[in-house]
Amino acid sequence: MKKGDHLFLVDGSGYIFRAYHALPPLTRKSDGLPVGAVSGFCNMLWKLMQDARNTDVGVTPTHLAVIFDYSSKTFRNELYPEYKANRSAPPEDLIPQFGLIRQATKAFDLPCIEMEGFEADDLIATYCRLAREAGADATIISSDKDLMQLVGPAVSMYDPMKDKEIKIPEVIEKWGVPPEKMIDLQALTGDSIDNVPGVPGIGPKTAALLLEQFGDLDTLLARAGEIKQEKRREAIIANAEKARISRLLVTLKDDVPNVEPLEDFVLQPPNGPKLIAFLKALEFTTLTRRVAEASGTDAAEVEAAVVKVELGDAAHGPDVGAGDSVPTSALRGGRPEGAGGGEAASTPAGASPPTPLRGEGDTPQTLAAARAETAASMPFDVKSYTCIRDIAELYRWMDEARDAGVVAFDTETTSLDPMQAELCGFSIATAPGRAAYVPVGHKNGVGDLLGGGLVENQIPIRDALAALKPLLEDPSVLKVAQNLKYDLVVMNRHGIDVRPYDDTMLLSYVVDGGASTSHGMDALSEKWLGHKPIAFKDVSGSGKSFQTFDMVDLERATCYAAEDADVTLRLWLVLKPRLVAKGLVSVYERLERPLVPVLSNMEQRGISIDRQILSRLSGELAQNAARIEDEIYALVGERINIGSPKQLGDILFGRMGLPGGSKTKTGQWSTSAQLLEDLAAEGHELPRKIVDWRQLTKLKSTYTDALPGFVNPETGRVHTSYALASTTTGRLSSSDPNLQNIPVRTAEGRKIRTAFVAEPGHRLISADYSQIELRVLAHVADIPQLKKAFSEGADIHAITASEMFNVPVAGMPSEIRRRAKAINFGIIYGISAFGLANQLSIPREEASDYIKRYFERFPGIRDYIEETKEFARREGYVETIFGRRIHYPEIRSPNPSVRAFNERASTNARLQGTAADIIRRAMIRMDAALVAAELDAVRMLLQVHDELIFEAREEDVELAIPVIREVMENAAMPAVSMSVPLSVDARAAHNWDEAH
DNA sequence: ACAGAAGCTTA
DNA sequence: GTAAGCTTCTGTT
């Protein structure tokens, strides 16, 4: 072996265990004897060997060996008799697979390595060392954390089941420590599976923290007395010896004697017929075909090998054939490869007769009432749903939907992020109780992880979508979905549009805005249908047991997915009439529904970020934060966790006795920035440093470190997700990542904005409304002075100050203007003397006096606030000028503080909600206006409440800006003619910072 | 693994 | 004083 060579070491024992346990329980049981792990293992080996011949692939093995555990007794048992003592025998159905995997390895003509007294991990460690010393690289095919200590510049790991490489950064990401500290970390945490004791009560997070603080295990144990947390300190002192033994147990032995020379591992082309004989014996038809194609062998000519299966003795030696043997086919019950999972239930003919939605006589009102009644009262029967696996049946359902004229539609995918989600299937409902699921991308368990492996008898995705597309785009059929934007992004990516449509989430948002906390389907179903649908996590699991939807067996998938469509259709039947009854149709049709494709497009476009800028910033922030950290430690005298407000409070106000500390509601000392700033102003050194440290670490963790992880690998851009129905006021919200709170206030923070960039040859255009909420206030409250000021383009805060304090605008002290500005914002937020006093750091009496004076000068605003409260109390809601209703069910609460809160929120909601409606109207019209100006290439990317960000070709910028301003400034028209002009500032630049 | 609190970012 | 979302810490399950 020489420099440039690449050794692959497959952790055979680890692989089979992991593959077995990764199978969902249902699939495993119904499959009789799973050879899924063996199939997955063969697929994986084959793929690795294919890559070796494909020089386009970056990492290609020149040497390969598969390593196994020999037996359970190793040198570690001498050290610690309890090692692996509580490990139970492998599950019965797993036992035969150990032998099969060894046989598979031999069928591939690959070295099958094991040694008595040593674990596979020790052999792997030894071969890694040998490869390293020869100047070669090594890749360990495993994801076992016990092996991560081996990772280094020349050694990486590869998780074949997640198709993920594990190098130094990945180890740090997962465990918080670099590979060379993994041994110390494991010594502290122990391992319950292997019965490595560790220190009780110390988990990976704490261990990483301690190692970060003390450097390594020996230092930690020597200086354990310095640990601040009592419980932790005691635990470590008491268990120091256990930690030392644990370290011996988890340290891999990289000098196992008498190992095979690496030269024996040189990768040879596989022996086609020999391999095929084995694969045929196990009925791995797909892989048999692939191998036959690749090796130019006629598979039909090859006779299946006789494969014996060991029963009994599980992780045992090379003498295959010991114990009773039976042919595999007998054990596998003759099932074809990978036929895991139950067959989905199909509807018995004649069950649940469809209630047609078209063709009923009667008046619209009684019809609607009858439909709503049916929808709410008819029981749910998830067993009655159909799983469509036949193209002719799918076409019959498409016809049925077309006849009904309304169809509920839902997609099932592998991810919450619609830009990365893969379609698993879709469901439709044509009448209450009549729904079906069409699986198109469900996979078998581990058996087919690397390449294909679709569950059999699914309609090919192309064919299914070809049948679906005409229905989704049929102008005479209404499609109903819950949160359609998600499904729209997914379907758009498959070249399918959806129109016309209704969205039950948005119907609920318009009908019940403010009254329901969530407009999610489960909540709506319980509220309107009195039915609790199957929870997603009951189908897909959560946490460790989570599996993507494509791994869910078809029966359960059908129950879940078809029920969602059924629920959606019934919700529509209930909610649509209520929309009409409450006179909210135009709010829904003008402000909500049309925004769905607009946002879908914005999300799909995404925005470019410059990762280099972020990574440079991240480095700078880390350095500066580390410097401040050291200064803080020096001032405090010990290495506290600065990120812990609890520890910080104890030090600042407890031990150091700084003044002015107030308590939060849980009895902790408050360490808010405001309070620390005050202390800093009094000349204390430490609070200033803490504030600075917090700013730097916040910028680093939330922005510079997190944003690059959101870059979509296919598009190279960041695609946020906008929620249409998550705020009470009508604003949008942004998440994953939130692009509505990118820093702007400080110079340091603004640097992050420079990383949001336009494509080459393009510019970002930022257009934002100036003082939109104050303008709305001036309009709705009809305040002459404010209207005049806005019409003249005057400085509104200065005018306010001038009115209140009788000082001329010219030469006004900035402090006076600042106070007026705070009052103006206070008004928008539903002012209180308490809040204003806090904001301005003045006594409450003084704040109260300001407010009084303000209302004397602007009596119209006091009237407006009083009218709003009265209306809200009487009706239980307030309205924006476009008729959006926002409910405040608690406004009549007997609790004065709850009531006061609702009063403030409702006065604010009219203003914030109206402003939100205005920018929604602008967004809805924007595309058409740009197209009309032949600016189709100008793309709206982001919305930040009062700002829109566009990307435009350089040559389009000049023309685009006036079009954008025009649309935004006239967005209220013609529904409302505002008595105050709206004003928009727009600017173009290469990055968001300069454009803003 | 999850939930709540505290803190910080935006409009 | 309004409206959001994300990270870290902390304690519980």
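From a predicted model like this one, the values you see are computed outputs, not experimental measurements. In what follows, chains carry the letters A, B, and so on, assigned in the order in which the sequence lines appear, proteins first and then strands, with residues in each chain numbered from 1.
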**Student:** Nearest to the side chain of A/Pro743 - C/dC6, B/dT9, C/dA4?
**Tutor:** B/dT9

**Student:** Looking for any heavy atom pair under 4.0 Å, which part of the strands does A/Ser832 touch: base, sugar-phosphate only, or nothing?
**Tutor:**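 Answer is base: heavy atoms of A/Ser832 come under 4.0 Å of a base.
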
**Student:** Please determine whether a side-chain nitrogen or oxygen atom of A/Thr697 lies at a distance below 4.0 Å from atom OP1 or OP2 of C/dT7.
**Tutor:** no

**Student:** By the 4.0 Å heavy-atom rule, please label A/Ala673 as base, sugar-phosphate, or nothing.
**Tutor:** sugar-phosphate

**Student:** Mark yes or no for a side-chain to base donor-acceptor pair under 3.5 Å between A/Gln912 and C/dT2, with no hydrogen or angle criteria applied.
**Tutor:**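 When only heavy-atom distances are counted, A/Gln912 does reach the base of C/dT2 through a donor-acceptor pair under 3.5 Å.
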
**Student:** Could you give the OH-to-P distance, from A/Tyr703 to C/dT7, as a whole number of Å?
**Tutor:**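 Rounding to the nearest Å, OH of A/Tyr703 and P of C/dT7 are 9 Å apart.
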
**Student:** So if I apply the side chain to side chain contact (heavy atoms under 4.5 Å, CB included) rule between A/Ser734 and each of A/Glu603, A/His945, A/Gln740, A/Gln943, which one comes out positive?
**Tutor:**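 Result: among A/Glu603, A/His945, A/Gln740, A/Gln943, A/Gln740 is the only option passing the side chain to side chain contact (heavy atoms under 4.5 Å, CB included) with A/Ser734.
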
**Student:** Between C/dA3, B/dT9, B/dG7, which nucleotide has the shortest distance from any of its atoms to the side chain of A/Thr727?
**Tutor:**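 Out of C/dA3, B/dT9, B/dG7, the nucleotide with an atom closest to A/Thr727's side chain is C/dA3.
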
**Student:** Classify the nucleic acid contact of A/Thr907 as base, sugar-phosphate or nothing, counting any heavy atom under 4.0 Å across all strands shown.
**Tutor:** nothing

**Student:** I want to verify a distance call: between C/dA3, B/dC8, C/dC9, whose nearest atom is closest to the A/Lys698 side chain?
**Tutor:** B/dC8

**Student:** What's the CD-P distance between A/Glu947 and B/dT10, to the nearest Å?
**Tutor:**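 These atoms are roughly 13 Å apart.
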
**Student:** Would you mind telling me which of C/dC6, C/dA4, B/dA11 lies closest to the side-chain atoms of A/His996?
**Tutor:**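 The listed nucleotide nearest to A/His996's side chain is B/dA11.
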
**Student:** Closest approach to the side chain of A/Arg694, judged atom by atom: which nucleotide of B/dA6, B/dC8, C/dG5 is it?
**Tutor:** B/dC8

**Student:** Should the heavy atoms of other residues, nucleotides or ligands under 6.0 Å from CZ of A/Arg611 be counted, would the total exceed 12?
**Tutor:** no

**Student:** Hey, does the side chain of A/Arg731 come within less than 4.0 Å of C/dA3's phosphate (OP1/OP2), counting only N and O?
**Tutor:**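 Checking A/Arg731 against C/dA3: no side-chain N or O falls below 4.0 Å of OP1 or OP2.
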
**Student:** Whole angstrom is fine here: how far is it from CD in A/Glu903 over to P in C/dT2?
**Tutor:**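 Taking CD of A/Glu903 and P of C/dT2, I get 12 Å after rounding.
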
**Student:** Can you tell me if A/Arg639 uses its side chain to pair, donor with acceptor, with the backbone of A/Phe214 under 3.5 Å?
**Tutor:**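 No; zero donor-acceptor contacts below 3.5 Å.
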
**Student:** Given atom CD of A/Glu677 and atom P of B/dG7, what is their separation to the nearest angstrom?
**Tutor:**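 Going from A/Glu677 (CD) to B/dG7 (P), I get 14 Å.
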
**Student:** Where the side chain of A/Ala706 is defined as all heavy atoms beyond and including C-beta, which of B/dT9, C/dT10, C/dT7 is the nearest nucleotide?
**Tutor:** C/dT7

**Student:** Could you work out which one of B/dT10, C/dC9, C/dG5 sits closest to the side chain of A/Pro645?
**Tutor:** C/dC9

**Student:** Below 30° counts as parallel, above 60° as perpendicular, anything between as tilted: where do the rings of A/Phe756 and A/Trp992 land?
**Tutor:**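 Ring orientation of A/Phe756 relative to A/Trp992: perpendicular.
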
**Student:** Looking at C/dT8, I'd like to know if its phosphate oxygens (OP1 or OP2) sit under 4.0 Å from a side-chain N or O belonging to A/Ser644.
**Tutor:**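 Checking C/dT8 against A/Ser644, no side-chain N or O comes under 4.0 Å of OP1 or OP2.
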
**Student:** Rounding to a whole Å, what distance do you find between A/Tyr509:OH and C/dA3:C1'?
**Tutor:** 10 Å

**Student:** Mind calculating the distance between CD (A/Glu748) and C1' (B/dT9) to the nearest angstrom?
**Tutor:** 15 Å

**Student:** Would you indicate what A/Gln839 reaches in the nucleic acid, counting non-hydrogen atoms under 4.0 angstrom: base, sugar-phosphate, or nothing?
**Tutor:** base

**Student:** Among B/dG7, B/dA11, C/dC9, which nucleotide has an atom closest to any side-chain atom of A/Val744?
**Tutor:**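 Of all the options, the side chain of A/Val744 is nearest to B/dA11.
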
**Student:** Looking across every strand, which nucleic acid part, if any, lies under 4.0 Å from A/Ile828 by heavy atom: base, sugar-phosphate, or nothing?
**Tutor:**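 If one applies the 4.0 Å heavy-atom cut-off, A/Ile828 turns out to touch nothing in the nucleic acid.
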
**Student:** Please determine, by modelled atom types, if A/His519 and A/Asp512 share a side-chain donor-acceptor pair under 3.5 angstrom.
**Tutor:**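 There is no such pair between these side chains.
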
**Student:** With a 4.0 Å cut-off on heavy atoms, is A/Ser734 in touch with a base, just the backbone sugar-phosphate, or nothing at all?
**Tutor:**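 Touches sugar-phosphate only.
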
**Student:** Counting distance only, does the side-chain N/O of A/Ser618 pair as donor-acceptor with the main-chain N or O of A/Leu614 below 3.5 Å?
**Tutor:**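 No: the side chain of A/Ser618 does not pair with the backbone of A/Leu614.
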
**Student:** If only side-chain N and O atoms of A/Arg745 are considered, is one of them under 4.0 Å from the OP1 or OP2 phosphate oxygen of B/dT9?
**Tutor:** no

**Student:** On DNA chain C, compare the nucleotides closest to A/Asn908 and A/Phe710; which residue's is nearer the 5' end?
**Tutor:**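 So the residue in question is A/Asn908.
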
**Student:** From the set C/dG5, B/dA11, C/dT7, return the single nucleotide nearest to any side-chain atom of A/His945.
**Tutor:** B/dA11

**Student:** Any donor-acceptor pair under 3.5 Å linking the side chain of A/Ser540 with the backbone of A/Gln547?
**Tutor:** yes

**Student:** Once you apply a heavy-atom cut-off of 4.0 Å, does A/Ile827 come out as touching a base, just sugar-phosphate, or nothing?
**Tutor:** nothing

**Student:** Measure the distance from CD1 on A/Ile640 to P on C/dT8 and round it to the nearest whole Å.
**Tutor:**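 Value for this atom pair: 17 Å.
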
**Student:** In whole angstroms, how far is the P atom of B/dG7 from the CG atom of A/Leu699?
**Tutor:** 18 Å

**Student:** Categorize A/Gly643 for me: base, sugar-phosphate, or nothing, with a 4.0 angstrom heavy-atom threshold over every strand shown.
**Tutor:** sugar-phosphate

**Student:** Counting the atoms with a prime plus P, OP1 and OP2 as sugar-phosphate, which does A/Phe901 contact under 4.0 Å by heavy atoms, base, sugar-phosphate, or nothing?
**Tutor:**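 Touches sugar-phosphate only.
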
**Student:** Identify which nucleotide among C/dC6, C/dT2, C/dT10 has an atom closest to any side-chain atom of A/Gln647, counting heavy atoms from C-beta outward.
**Tutor:** C/dT10

**Student:** OP1 or OP2 of C/dA3 versus the side-chain N and O atoms of A/Thr729: is any pair under 4.0 Å?
**Tutor:**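 No, because none of the side-chain N or O atoms of A/Thr729 sits under 4.0 Å from OP1 or OP2 of C/dA3.
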
**Student:** Is A/Thr720 reaching over with its side chain to a backbone N or O of A/Pro737, donor-acceptor style, under 3.5 angstrom?
**Tutor:**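 Looks like yes, one N/O pair under 3.5 Å.
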
**Student:** Under 4.0 Å from OP1 or OP2 of C/dC6: is there any side-chain N or O of A/Asn741 that close?
**Tutor:** no

**Student:** Base, sugar-phosphate, or nothing for A/Ala837, non-hydrogen atoms under 4.0 angstrom?
**Tutor:** nothing

